[in-house]
Amino acid sequence: MTFPPRLLGRAVLRCDRVASTNDLLHTLAARGAGEGTVVVAREQTAGRGRLGRMWASPRGGLWFSVLLRPSDPADARLGLMVAVGVAEALRTVSGADVRIKWPNDLVLAGRKVGGILVEVRPPWAIVGIGVNVNVDPLDLPIEVRERATSLAAVSGRECDLADVLAGVLDGVDEVYAAYGSGTVEDVLERWRDLNITLGRFVEVRAGDRVVEGTALDIDGDGALLVAGLDGQAARVVGGDVTILAGGGRP
Ligand code: BT5
C-alpha cells in the first residue's frame, strides 16, 4: 500500500465489459460518487477519444476513468499534468521510453500507445485514460494499427495490468496533489522533459484553425506557443499536432 494513502482509487469499480468507463463514471458522479472514484474495464465496446472519435479498447489494454472534483474542472492544465503522471508511471513499470505529444497523447517509438480524455461537467471532471499495455496491435482496427503500438509490442514482455493500474494511479495522484498545492509549474517542467513536440516543425489543428510553425513552448496555462512562418506567434489551446519535421528532442 502506498503511504500516505492516495486519494485516487479509494473506491474502484471493476467491470468486465462496458460501453465507456467515462460514461459509467459520469453516472456515478451525478449520484454523488466521491473524488478519486475509479472505474476500470477489461474491454470497452464504445470507447471514445476526443471530439467523438472512437477509441479501440480490446482485452489486454488498461481502460479506466478517474473522478476529480477540482476547484476549476475546466482548467486545461489538468490534462497535461495527468499525462506527466501517466507517462512517468509507464516508464517506471515497463522500462519503455514513453513520451508525451502535446497536449496529452502518450507516444512510444513514434506511435500512439495511449490517450487521455478529460470530460468537464462542472462540478466534476472525468479523466479517462487508455493505454495499450498488452494489446496485440493486430487486435486494433486496421486504420488505427499503423499509427499505434503497445508496451508489450515494444518491450517484448507483458506487464501485469493490476500493477500498471496501481503505478498509474500513484503517478496521477502525485501530480493531482501538486495541482492542489500550487506547484503546477514543477509538473509542467516535467512535461517539457518528456515531450516530443517542442522544437519541432508542426501543424496544429484546433477546430477550423490550422497553424503551421515551430513549437516553442507551453505557457503557464498549458497552451502551445507556435512561431509561424509569417513571423507571428500563435497560441493554441487544445488541438491535434502533426509533427512535420525538425530536430531537437527525439
Ligand atoms: C484520445 O483521443 O487519445 C483519448 C483516448 C481516451 C481513451 C480512454 S479509455 C478509458 C476512457 N473511456 C473512454 O471511453 N475513453 C477513455 P484522441 O486524441 O481523439 O485520439 C483518438 C484517435 O486515436 C482515433 O481517432 C484513432 O486514430 C486513434 N486510436 C483509437 N484507438 C486507439 C488505440 N487503442 N491505440 C492507439 N490509437 C488509437
Side-chain angles (χ1 to χ4, degrees), residues 8-9 12-29 37-68 76 78-80 82-83 85-87 90 96 98-121 124-154 161 164-165 168-169 172 196-197 203-207 224 236-243:
L8 273 57
V12 179
L13 179 64
R14 294 172 196 280
C15 312
D16 188 55
R17 181 193 244 219
V18 288
S20 157
T21 54
N22 269 34
D23 285 343
L24 182 49
L25 195 47
H26 277 300
T27 304
L28 298 178
T37 301
V38 168
V39 173
V40 56
R42 285 187 207 279
E43 193 181 337
Q44 295 184 117
T45 53
R48 63 171 175 273
R50 294 175 298 154
L51 304 168
R53 292 186 284 233
M54 73 89 195
W55 183 259
S57 317
R59 281 170 191 266
L62 179 61
W63 324 122
F64 74 103
S65 303
V66 182
L67 170 58
L68 300 180
L78 269 175
L80 278 80
V82 168
V86 178
L90 295 178
V98 176
R99 301 293 189 111
I100 304 170
K101 189 174 81 161
W102 185 87
N104 49 21
D105 267 5
L106 300 162
V107 177
L108 175 58
R111 290 166 179 246
K112 187 153 169 160
V113 72
I116 295 167
L117 171 69
V118 184
E119 290 182 328
V120 180
R121 289 193 201 162
W124 69 79
I126 303 277
V127 180
I129 298 169
V131 183
N132 299 329
V133 177
N134 302 323
V135 169
D136 181 343
L138 291 174
D139 288 339
L140 297 172
I142 193 147
E143 68 279 9
V144 169
R145 199 182 300 160
E146 57 192 23
R147 283 194 265 160
T149 192
S150 68
L151 294 179
V154 170
L161 284 177
V164 182
L165 176 62
V168 170
L169 286 177
V172 178
I196 57 160
T197 308
E203 178 192 89
V204 192
R205 288 181 177 267
L224 186 66
V236 195
V237 184
D240 290 295
V241 167
T242 307
I243 296 172

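Note that ligands are numbered from 1 as they come in the structure, with each ligand's atoms numbered from 1 the same way. This structure is a prediction, so every number in the text was calculated from the model and none was measured.
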Which atoms of ligand 1 are found less than 4.0 Å from any heavy atom of Thr21? 10 (C), 11 (C), 12 (N)

With heavy-atom distances below 4.0 Å as the criterion, list the atoms of ligand 1 near Gln44. 9 (S), 10 (C), 11 (C), 12 (N), 13 (C), 14 (O)

From the candidates Glu119, Arg48, Arg111, the one that places a heavy atom nearest atom 6 (C) of ligand 1: Arg48

Of all the atoms in ligand 1, which lie at a distance below 4.0 Å from a heavy atom belonging to Gly130? 8 (C), 9 (S)

Any side-chain heavy-atom pair from Leu90 and Val164 closer than 4.5 angstrom? yes

Which of the atoms in ligand 1, numbered in the order shown and given with their element, are less than 4.0 Å from a heavy-atom of Asn132? 33 (C), 34 (N), 35 (N), 36 (C)

What class does the angle between the rings of His26 and Trp124 fall in, given that below 30° is parallel, 30 to 60° is tilted and above 60° is perpendicular? tilted

Nearest heavy atoms of Ser65 and Ile126, plus distance in Å: CB-CG2, 3.8 Å

For ligand 1, which atoms, with element, lie under 4.0 Å from some heavy atom of Asp105? 18 (O)

Pair Ile129-Leu62, side-chain contact (heavy atoms from CB on, under 4.5 Å): steps then yes or no: CA-CA 8 Å; Ile129 298 169; Leu62 179 61; 5.9 Å; no

Can you tell me which residue and heavy atom of the protein come closest to atom 1 (C) of ligand 1, and the distance to 0.1 Å? Lys112 NZ, 3.8 Å

Rounded to the nearest 0.5 angstrom, the NZ-OG1 distance for Lys112 and Thr149 is 13.5 Å

What residue and heavy atom of the protein are closest to atom 25 (O) of ligand 1, and at what distance? Arg53 CD, 3.5 Å

At a non-hydrogen distance cut-off of under 4.0 Å, which region of Asn22 contacts ligand 1 (side chain, backbone, both, or neither)? both

Specify the protein heavy atom at minimum distance from atom 26 (C) of ligand 1: its residue, its atom name, and the distance to 0.1 Å. Val144 CG2, 4.0 Å

Side chain Trp63, main chain Gly128, donor-acceptor under 3.5 Å: no

Which heavy atom of the protein is the closest neighbour of atom 30 (C) of ligand 1, given with residue, atom name and distance? Met54 O, 3.4 Å

Just to be sure I'm reading this right: ignoring hydrogens, which of Gly114, Ser150, Ala56, Gly47 gets closest to atom 34 (N) of ligand 1? Compare them by their nearest heavy atoms. Ala56

Using atom types as modelled and distance alone, determine if a side-chain donor or acceptor of Arg50 lies under 3.5 Å from a backbone N or O of Gly239. yes

Asp23, portion touching ligand 1 at heavy-atom distance under 4.0 Å: neither

Looking only at protein heavy atoms, identify the closest one to atom 5 (C) of ligand 1 and say how far it is in Å. Trp55 CE3, 3.5 Å

One thing to verify: whether Arg59 and Asp16 come together as a salt bridge, which I'm taking to mean a side-chain N less than 4.0 angstrom from a carboxylate O. yes

Mind checking whether Arg50 has an N or O less than 3.5 Å away from an N or O of ligand 1? yes

List ligand 1 atoms under 4.0 Å from Ser20, heavy atoms only on the residue side. 12 (N), 13 (C), 14 (O)

Applying a heavy-atom cut-off of 4.0 Å, say which part of Ile129 lies close to ligand 1: side chain, backbone, both or neither. backbone

Relative to the heavy atoms of Leu140, which atoms of ligand 1 are at a distance of less than 4.0 Å? 34 (N)

Side chain of Arg17, backbone of Ala41: donor and acceptor closer than 3.5 Å? no

Minimum heavy-atom separation for Ile196 and Ile243, please, with both atom names. O-CD1, 3.4 Å

Is Arg145 reaching over with its side chain to a backbone N or O of Leu140, donor-acceptor style, under 3.5 angstrom? yes

